[in-house]
Chemist: 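Please read through the structure below; I'll follow up with questions.
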Amino acid sequence: MAEKNNGTGASGRSSAEGALTGNASKRAKAKAATGDGATTAQLGSNVARVTKPVLTPRTSKVAAQDSEFLTTAQGVRLQHTDDSLKAGVRGSTLLEDFHLREKITHFDHERIPERVVHARGAGAHGVFEAYGTAANATCAQFLQSGVRTPVFTRFSTVAGSRGSADTVRDVRGFAVKFYTDEGVFDLVGNNMPVFFIRDGIKFPDLIHAAKPEPDLEIPQAQTAHTTFWDFVSLIPESPHMLMWTMSDRAIPRSYRMMEGFGVHTFRLVAADGRTSLVKFHWKPVLGVHGLVWEEAQMLAGMDPDFHRRDLANAIAGGVFPEWELGVQVFPDTEDQFFEGIDLLDSTKLVPEELAPVQPLGRMTLNRNPTNYFAETEQVAFHSGHVVRGIDVTDDPLMQARLFSYLDTQLTRLGGPNFAQIPINRSVAPVNDNHRDGSMQQAVHQGRTPYLPNSVGGGCPFLAGVDEGGYVHVPKTVEGAKTRQRSGDDPYFQATMFWRSMTEVEQDHIVDAFTFELGHVEVQGVVDRMLTRLDAVASELARRVAMGLGAAVVPAAEGGLLTDGSGFAQGEDGGAGSATESPALSMNVAQTFPVDGRVVQVLADDGADLAGIRLVRESLMSAGAVAHVVATHKGSITGGRRGADRLVVDRSFHTASPVEVDALVIAHGSGLAMSPAAITWVQTVYRHCKPIAAWGDGVELLAAAGIAVDAPGVTVVDKPSKRFLQTLVVAIGGHRVWERLDPHPTRVTLAASEARS
Ligand code: HEM
């Protein structure tokens with residue numbers, strides 16, 4: 001007699017075949033009940049059914065907070081928790097105090113190891129809605145028209161510890177967990193489309209070099225130190241990624257304003273077995289924007305949680321961040337090249353001008369985590385979590401990742417059962433035959449957790465292709481066993497990146513390299529890096545060298561590139577022929593929504609409160625946030641008689657000029673004599689943010705040495721609709737780069753070229 005195997009209940013069946021039929025018909029009934037059998041067109045109207053898990057997520061089934069009284073973990077109600085059980089009022093403490101021992105012991109074990117990389121992060125829940133545009137290319141159900149899938153997204157920095165600052169110069173992780181009806185799909189990407197290395201075997205070396213140096217464990221969350229530049233200067237394929245990390249992409253204004261990239265090439269599989277190669281892209285609705293470096297550094301001290309706070313505030317304020325998911329699509333050719341670009345090389349991108357990003361759907365993040373540890377800390381992403389219709393490729397970086405994530409999570413999350421943690425649970429039914437192990441939460445039934453079996457009725461059943469079974473694309477793999485690498489041109493696309501930047505972006509890259517290499521203590525490393533930069537763009541190398549007071553020795557004149565790296569530079573190839581890609585620039589002449597942008601209204605007692613109210617309402621109706629900032633908290637008085645009062649949001653003690661996107665100076669504030677206010681305005685001006693003033697607010701501008709007709713400065717007698725519209729447009733343009741003087745190294749280089 002067959003036994004009950006587990007939750008799917010095939011009890012009583014006499015043969016696996018019979019059970020298969022029975023199970024299929026049971027699934028069919030379930031489908032009918034839930035509307036799963038609906039046509040594509042109907043799926044769109046099934047939103048309520050599909051989205052239900054978004055609002056009833058994987059909540060804990062473990063008794064946790066279901067007593068109105070404080071209890072021990074065993075449910076014993078407590079009548080005192082402030083004093084331990086002692087012999088006499090001053091002790092000694094008694095070992096028999098079970099409450100003390102349990103409380104302290106649990107506390108002692110509250111921490112788990114932080115992620116070995118990407119330890120610092122912030123997460124949010126949301127929903128992904130597919131447009132259906134990929135229906136022809138993939139059978140993945142969550143990409144069919146109108147299907148809405150719950151998601152959890154975690155953004156992160158790479159090098160810093162869990163408590164490090166958000167605004168450091170670094171790559172940002174952009175990991176999305178799709179809880180699809182066919183299982184979990186994780187798109188574990190970054191905010192940059194390429195990577196430092198081409199093969200995952202170098203990942204431990206890269207991270208050891210980038211993390212704080214092991215003798216003194218400094219510096220925290222920075223690559224501006226000797227070992228990082230020592231390593232990358234010896235890695236021929238690193239220049240392209242270094243251009244990205246030295247650009248403003250590495251200091252994003254907000255997680256909400258970052259692009260995301262799957263980096264590797266994936267393979268999509270259509271229902272009829274056709275395959276195509278794709279690269280995934282996330283495009284933020286708010287545009288791609290960066291901080292300026294001084295601002296990023298100041299923020300790291302003044303508000304280390306700047307990005308985390310920005311994301312949470314925007315969601316709490318109802319301005320939900322959105323991204324469009326898209327793919328670049330390439331034919332699945334035998335050589336897996338596209339227009340001369342090696343699709344299996346993660347140090348190369350495909351310019352969007354050659355393969356446009358085709359939109360697949362939209363992600364909206366609409367709910368903050370309820371508990372940081374339970375969700376954001378315990379979430380376990382894995383590039384190997386794919387669903388049918390999506391497959392991996394041979395990219396050697398990707399292949400190492402496929403091993404690494406599950407392996408690291410076994411340690412980080414304390415055993416093999418972390419898929420049962422609420423945030424990691426699939427919404428698709430699970431029946432994996434895994435058993436036991438540390439922290440097992442399930443009470444499995446039956447005695448046949450193995451296949452094949454007959455005693456358990458053959459359960460659980462294997463799914464045929466028509467039942468949603470995952471099939472690996474049957475690709476032929478051949479080649480001699482070797483540790484060699486394929487041909488590689490490490491500089492061509494780095495040069496393309498440099499050429500695609502605007503002047504301001506190039507200036508920032510020069511400054512970033514100068515800052516970072518200025519912290520390197522070994523001159524040989526700096527020299528080698530300058531030689532490498534010269535191979536990217538001679539102008540870049542010479543300008544960085546100027547700032548460092550060093551000389552560039554080009555490779556052709558004896559500069560060393562490959563010493564100590566253990567392998568020779570590859571032959572040219574794999575980089576394509578595009579010399580520029582305008583899509584790589586962040587500085588586009590476009591105005592974006594101002595959702596969640598922060599504007600400070602500088603004011604003080606005596607200010608024009610009616611004007612402030614008008615400014616605040618207009619900004620808020622545009623989606624921005626307005627903070628009234630004064631010299632003190634509480635409220636400020638308006639006019640001379642002081643009958644009218646306005647609550648102050650922040651004081652000079654609790655706010656800072658780096659936390660804003662624009663500044664407005666109110667009439668009547670009388671701040672022109674305040675050194676703190678003068679520095680405040682100058683800082684905002686230096687960081688190229690829009691500034692506006694009305695009435696005698698201009699006196700503060702004058703005291704700060706800012707001309708009323710300077711770029712991005714708007715001055716009026718009284719706030720009007722037009723004034724406020726101008727301000728909103730200016731904020732939507734992000735920064736007023738015209739304010740900057742020509743970069744000194746640009747001027748010096750041009751002068752020296754004119755002389756020669
Ligand atoms: C294209 C290259 C890569 C990208 C885009 C990438 C992206 C990410 C992201 C976004 C995270 C954080 C996930 C989270 O928020 O929890 C992460 C974590 C991690 N990555 Fe990568 N990574 C890359 C390369 C690699 C390689 C080559 C390895 C190892 C061979 C690796 C190993 C890890 C590990 C061990 C973690 C920590 C995971 C955890 O503790 O849950 N990564 N990676």
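These numbers were taken from a predicted model, which means no experiment stands behind them. Each ligand, and each atom within it, is numbered from 1 in the order the structure gives. Throughout, numbering of the chain's residues begins at 1 and tracks the sequence.
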Chemist: Can you tell me if Gly189 contacts ligand 1 (heavy atom of the residue under 4.0 Å from the ligand)?
Modeler: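 Yes, that is the case, since the closest heavy atom of the residue is under 4.0 Å from the ligand.
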Chemist: Mind checking whether Phe280 and Phe185 have parallel, tilted or perpendicular rings, split at 30° and 60°?
Modeler: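 Because their plane-to-plane angle lies in the 30° to 60° range, the rings of Phe280 and Phe185 count as tilted.
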Chemist: Can you pull out the closest protein heavy atom to atom 15 (O) of ligand 1? Residue, atom name and distance to 0.1 Å, please.
Modeler: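 Looking only at protein heavy atoms, the one closest to atom 15 (O) of ligand 1 is Arg154 NH1, 2.6 Å.
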Chemist: Classify the ring geometry between Phe155 and Tyr255 as parallel (under 30°), tilted (30 to 60°) or perpendicular (over 60°).
Modeler: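 Taking Tyr255 first and then Phe155, their aromatic rings lie parallel (interplane angle under 30°).
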Chemist: Side-chain contact test, heavy atoms from C-beta onward, threshold under 4.5 Å: evaluate it for Ser247 versus Glu505 and give yes or no.
Modeler: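 No, every pair of side-chain atoms sits at 4.5 Å or beyond.
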Chemist: Just wondering, is there an N, O or S atom on Ser383 that's nearer than 2.8 Å to atom 21 (Fe) of ligand 1?
Modeler: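 No, since none of the N, O or S atoms of Ser383 sits under 2.8 Å from atom 21 (Fe) of ligand 1.
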Chemist: Specify side chain, backbone, both or neither for Asn190, according to which of its non-hydrogen atoms lie closer than 4.0 Å to ligand 1.
Modeler: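 Contact part for Asn190 vs ligand 1: both backbone and side chain.
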Chemist: Do Tyr470 and His472 make the cut of ring centroids closer than 6.0 angstrom?
Modeler: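 Yes; His472 has its ring centre under 6.0 Å from that of Tyr470.
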Chemist: Among the heavy atoms of Met398, does any lie under 4.0 Å from an atom of ligand 1?
Modeler: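 No, Met398 has no heavy atom closer than 4.0 Å to ligand 1.
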Chemist: Which protein heavy atom lies closest to atom 16 (O) of ligand 1, and at what distance to 0.1 Å?
Modeler: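 Nearest neighbour among protein heavy atoms for atom 16 (O) of ligand 1, to 0.1 Å: Arg115 NE, 2.7 Å.
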Chemist: Please report the shortest heavy-atom distance between His281 and Phe261, naming the atom on each side.
Modeler: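 Distance-wise, the nearest heavy atoms are ND1-CE2, 3.5 Å.
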Chemist: Please find the pair of heavy atoms, one from Asp170 and one from Gly160, that lie closest to each other, and give the distance.
Modeler: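 Heavy-atom minimum between the residues: OD2-N, 4.4 Å.
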Chemist: Tell me: protein heavy atom nearest atom 43 (N) of ligand 1, and distance?
Modeler: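 Heavy-atom neighbour on the protein nearest atom 43 (N) of ligand 1: Tyr405 OH, 2.7 Å.
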Chemist: Write out the residue and atom name of the closest protein heavy atom to atom 7 (C) of ligand 1, then the distance separating them to 0.1 Å.
Modeler: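 Of every protein heavy atom, Arg401 NH2, 3.2 Å lies nearest to atom 7 (C) of ligand 1.
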